[in-house]
Amino acid sequence: MYQKRRETDKRYKQAATQQCDDMRKIGAVLRTRRKELGYSQSELAQFCGFSQRLISEMERGRDTVAINKVMRYANALGIDLVLSIRGGI
């Protein structure tokens, strides 16, 4: 019983770590593209209807940001985010 719980906890921690890594990668892409286009965080925040703080959190890869907001920001920058399911259903 204890061994099974420890394995579940280990898988959860691995998945959480992967999610954080993925969000940081997405954030880096968003920041790079914004800078390429010559926009400030404040300008993009106003355009998207977000706060500058939220833009900053997305670009830093904060995992507490809702995915629909990340998708909306990416769309404003002309970026298509493609999601895939690992390991099947």
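For Q46, the CD atom sits in a loose shell: 12 or fewer heavy atoms of surrounding residues, nucleotides or ligands are nearer than 6.0 Å. Residue N68 places its CG atom among more than 12 non-hydrogen atoms of other residues, nucleotides or ligands, all under 6.0 Å distant.
Smallest separation of non-hydrogen atoms from Y39 and R34: O-NH1, 2.9 Å. Minimum interatomic distance between C48 and A76 (heavy atoms only, all atoms of both residues): SG-CB, 3.6 Å. Smallest separation of non-hydrogen atoms from L77 and R33: O-NE, 3.1 Å.
Within the 4.5 Å cutoff, side-chain heavy atoms of M23 are placed close to those of V70. Residues L30 and I55 are not in side-chain contact: their nearest non-hydrogen atoms beyond the backbone lie 4.5 Å or more apart.
The CE atom of M58 sits 8.5 Å away from the CZ atom of R72 when rounded to the nearest 0.5 Å. Separating the CD1 atom in I26 from the CZ atom in R31 is a distance of 12.5 Å, to the nearest 0.5 Å.
Cluster membership check: F47 does not share its hydrophobic cluster with L81, using side-chain heavy-atom separations under 4.5 Å among Ile, Leu, Val, Met, Phe, Trp and Tyr.
When the options R60, E59, Q52 are evaluated for a side chain to side chain donor-acceptor pair (under 3.5 Å) with S56, the one that passes is R60.
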